[in-house]
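Only a predicted model underlies this, so the values are computations on that prediction, with no experimental measurement involved.
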Amino acid sequence: MTEQRFDPSHADGRWQRAWDEARCFAADSASNKPKSYVLEMFPYPSGRIHVGHVRNYTMGDVLARYKRMTGHEVLHPMGWDAFGMPAENAAMEKGVHPAGWTYHNIDTMRGQLKRLGFALDWSRELATCDPNYYGHEQALFIDLYQAGLVYRRQSAVNWDPVDQTVLANEQVIDGRGWRSGALVEKRQLDQWFLKITAFAQELLDGLGELDGWPEKVRLMQENWIGKSEGLQFRFDLTNGGSVEVYTTRPDTVFGASFVAVAPDHPLAQDVAMYNCDAAKFIELCKRGGTTAAELETAEKLGFDTGIGAIHPFTGARLPVFIANFVLMEYGTGAIMAVPGHDQRDFDFARKYGLPIVRVVAPSAAEADAPLSEAEPGDGVLVNSGFIDGMGVAEAKRAVIDRAQGGGWGEGKTVWRLRDWGVSRQRYWGTPIPFIHCAACGVVPVPKDQLPVTLPEDVDFTTPGNPLVRHPTWKHVACPQCGAAAERETDTLDTFVNSSWYFLRFASQPADRPFDRAEVARWLPVEQYIGGIEHAILHLLYARFWTRALAHIGQLDVNEPFASLFTQGMVTHETYRAGDGSWLSPGEVRRDGDDWVAIADGRPVTVGRVEKMSKSKKNVVDPDDMVDRFGADAVRWFMLSDSPPERDLPWSDSGIEGCGRFVQRLWRLFGQCGLGGAGADAVDDRALDRKVHQTVAAVAADIEALAFNKAVARIYELTAAIEKAPPSASRSNAISTLLLLIAPMMPHLAEEAREHFNIGLGLGLVAEAAWPEADPALLVDDEVTIAVQVKGKLRDTLMAPRGLPREELEALALASEKVQRFLEGAEVRKVIVVPDRLVNIVA
RNA sequence: GCGGGUGUGGCGGAAUGGUAGACGCCGGGGACUUAAAAUCCCCUGGGCUUUGCCCGUGCCGGUUCGAGUCCGGCCACCCGCACCA
């Protein structure tokens, strides 16, 4: 007897096991089918899966399953970005080992993902904290070192003197360590760097070919790389020295009215040696805040050094200032200031009474038009000697040519992008595979001695890097001379781990990081899906590693991700009790129009819909939702309503509606056999059309990742089938519908196929093909024509498709409503859009 | 400040320059039931003098037979970068 309800608690696990046993989702690199690599950003194993993960992986899963149904060999893997600070924090706070904590979390989260029925190739699962992964990473790091793309130099770091550790910029809050609260010091340490700047131009150019990436992300990366072209040149100084400045506007050189150097510029430091007012000013600059708000309101401040700089063309003596708005980190740390055409210079000149000269004007006739603010735009050069009358671009070239000819300057490209510092003074990361020998210097660990594994017996009870104070780990013999030497105790930035994991997913030989030919069969990733928060760092680093590995001959692709999709967040209402404390969705209930706390019945304030966060307690646990509604309802909710790039507000009523729809489909699938034979077995052409139109539209929507639209079309088709009388067409429609929902609600599809014996062949729905849409059925015989009078809709009428213009016009003019609105006026013009609309202009 | 994005019912949102509000949620009414749940049916942008008409896609203007959509100018909110010479 037929059950009335679909029972996910029974069905979900059954089908997940069936897919496992059939090895449905194992990717075959040797397959002749067209390949499709669908990848979602792998999670950090923080403890439990978040609803945001579920949304991300559901989108990828629908695409992966759809690709399989359309005849592709699909690689859809999953792994763990498993190194990082939270594991060490847990070790310090709870006394657990980072490895134990991490692997426990991985077990939990893997279980959660499996409950959602994702079509993942678990045979390729990897964790970056596994020596089988990071050992290969060490090999790649050594390869890059030998290619000259890795180097060491001294660099300033944020040092927390209490925790005895280096902090990332994000971990310094108001100058204090985020954990210890201690004042952070700047320390110079020997650090490892990857030479990403060597690829700056390539990484910039490559963006132009990434049509599958959001424009927003490409722009963010472009700005991050920050290319600017200009002139670096030398001012001779009245004290006998000189100062190098950099400008992107060499055309405005005749408008320079002063020179400014950064407070930490050597020239400023020199002046401070003998001038204590200068020293005081430099101190003042250092004290300035660095927050966004402070910078925005910060006043331009300067200190006149009394030194003069000689203008290279006019010979004029320009004052040299120390200025708080000049940065040592960019260009040469010194500028020529042109107040007429740079707003900062303008503000500064106003304050200190310096000349403001116009050297670019809309036309030569406006050479002396007054300036009320800096004019950074294009125009024609004026008041500028030999470049008068030139355009900006032409003048730039002319000035650079003169400077180079005179030997006092050269055209130069400056980048905002810096080399990537990858040293971390921490335990839970990839050990940097180098040995420091007093005699031989820095020596790479021989590859046959890889992996350099982390010691397991480590102590987190005292601050600092446990690798440094481990009794034996760092003591080794030098691979070159055999003398006593020490291992490098820094580990690699975790972004290195995620810079090549997509290669290891594609190919996993035991003896090397990946097989070049096998990787070539899968890459680039056809569709990469993840959060916008990785728009710059992760995605730029992964692009860099790919190019670097291609550069040293290990790879055949330059860009790892052909298409990128950044999905929105999952949000939820927030709830606050009267005392201001946050309440979780499970702690409140609706009481009429109000909300009250379940515990004590007191009123609750409903706050904004915000990103789910533990601190505001507006989180829902995916496991609870799977328990209550089953995996398919949760998956369906993740795809419904909001466009995938926008935020998705989680709501109880929303997920309940999805649960209802699952049951509604179940009941409909139960009707598949009705009317399939006998007297009722007639065709229903209208329904056939609806089915084929939906097949084509849903396919297009999935390929465009417009899941919300695909969902809406499936609702429409469901309603149309429900309303249709029994017929062979209706039974076919139901079995087609089962295939359409299969990528989204795979458990329901399998269970219904088996339970109601819906004829799709004998195999699993997971192995079924996507239905074909018959082009002949994609258009209707009869169309609705909108009839407008002077652009306003007055009537609609049905007409056969393809009716000639004249006939449509006649039909429209015959309409009683049209005649009423024309009120006998003369028809001046009739616009006919065949099969759509007639507009009568009177 | 610079760059980018978004503004459509009570809510999430649909709509190749051609019937604005598909589809879902909420809400209302009804059927079934002893009752409830479940399910099914109907209504659901605003207004009016309600056989029907008028207004309506952030605001102002423009192009067009026709504008949510294109153009110009504003406003609001969101995101990114930020004294980058």
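In this structure, B/C23 and B/G12 make a Watson-Crick or G-U wobble pair, each of the two defining distances being under 3.5 angstrom. Taking a pair to require two hydrogen-bonding distances under 3.5 Å in either a Watson-Crick or a G-U wobble arrangement, B/G56 remains unpaired. The partner of B/G1 is B/C81, by the rule that a Watson-Crick or G-U pair needs both atom distances under 3.5 Å. In this entry B/C65 has B/G18 as its Watson-Crick or G-U wobble partner, both defining distances falling under 3.5 Å.
Nearest-nucleotide positions on RNA chain B for A/Pro649 and A/Ser228 put A/Pro649 closer to the 5' end. Remark on RNA chain B: of its neighbouring residues A/Met328 and A/Glu215, the 5'-side contact belongs to A/Glu215, judged by nearest-heavy-atom nucleotide.
For residues 695-726 of chain A, the ring-ring contact (aromatic ring centres under 6.0 Å, His included) pairs, not counting sequence neighbours, are A/Trp636-A/Tyr715, A/Phe661-A/Tyr715.
Salt bridge status for A/Arg667 with A/Glu722: absent, with no side-chain N to carboxylate O gap under 4.0 Å. Ion pairing of A/Arg418 with A/Glu329 is absent here, as no side-chain N (NZ or NE/NH1/NH2) approaches a carboxylate O to less than 4.0 Å. The existence of a salt bridge linking A/Glu782 and A/Arg801 is excluded, since no basic side-chain nitrogen approaches an acidic carboxylate oxygen closer than 4.0 Å.
In this pair, A/Phe258 and A/Phe348 present their aromatic rings parallel. The plane angle is below 30°, not in the 30 to 60° band.
Distances shown here put every side-chain N or O of A/Lys216 at or beyond 4.0 Å from the OP1 or OP2 atom of B/G5. Distances shorter than 4.0 Å separate none of the side-chain N or O atoms of A/Arg667 from OP1 or OP2 on B/A38. The side chain of A/Arg646 places no N or O atom within less than 4.0 Å of a non-bridging phosphate oxygen (OP1 or OP2) of B/C79.
One C1' atom belongs to B/C83, the other to B/C74, and the distance between them is 29 Å to the nearest Å. Nucleotides B/C11 and B/C59 have their P atoms positioned 15 Å apart, rounded to a whole Å. To the nearest whole angstrom, the two P atoms, one in B/A22 and one in B/U16, are 15 Å apart. For the P atom pair drawn from B/G80 and B/G9, the interatomic distance equals 26 Å after rounding to whole Å. With P as the reference atom, B/G46 and B/G62 are 30 Å apart, rounded to whole Å.
Note on A/Val326: a base of the nucleic acid sits closer than 4.0 angstrom, heavy atoms only. Nucleic acid contact class of A/Leu327 (heavy atoms, under 4.0 Å, all strands): base. Using a 4.0 Å heavy-atom distance criterion, A/Asn839 is classed as a base contact. If you check every strand for non-hydrogen atoms under 4.0 Å, A/Val841 touches sugar and phosphate atoms only.
Going from atom CD of A/Glu610 over to atom P of B/C78 covers 11 Å, rounded to whole Å. Per the geometry, CZ belonging to A/Arg805 stands 13 Å off C1' belonging to B/C65, to the nearest Å.
For the residue pair A/Thr574/A/Asn618, the side-chain donor-acceptor check at 3.5 Å is not satisfied. Checking A/Gln693 against A/Arg713 by side-chain atom types alone, no donor-acceptor pair falls below 3.5 Å.
In this structure, of B/A85, B/G13, B/C65, it is B/A85 that holds the atom nearest to the side chain of A/Tyr330. Here the side chain of A/Ser642 is nearest to one of B/C79, B/C84, B/G12, namely B/G12.
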- Its contact letters, B for base, S for sugar-phosphate only and - for none at protein heavy atoms under 4.0 Å, make nucleotides 19-30 of chain B read B--BSSSS----

Give each protein N/O atom lying under 3.5 Å from an N/O atom of nucleotides 50-54 of chain B, with the pair distance.
residue	atom	partner	partner atom	Å
B/C54	OP1	A/Arg794	NH2	3.4
B/C54	OP2	A/Arg794	NH1	3.1

- Take A/Thr571 and A/Asp647 through the side-chain hydrogen bond (donor to acceptor under 3.5 Å, both in side chains) test and state the conclusion after the steps. CA-CA 7 Å; A/Thr571 57; A/Asp647 289 351; 5.4 Å; no

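Annotated as anti: B/G68, whose glycosidic dihedral deviates from 0 by more than 90°.
Geometrically, A/Arg794 engages A/Phe821 in a cation-pi contact defined by less than 6.0 Å to the ring centre and at most 45° from the axis.
Heavy-atom minimum distance, A/Pro585 versus A/His572: CG-CE1, 3.5 Å.
With ring centers used as reference points, A/Phe637 lies 6.0 Å or more from A/Phe629.
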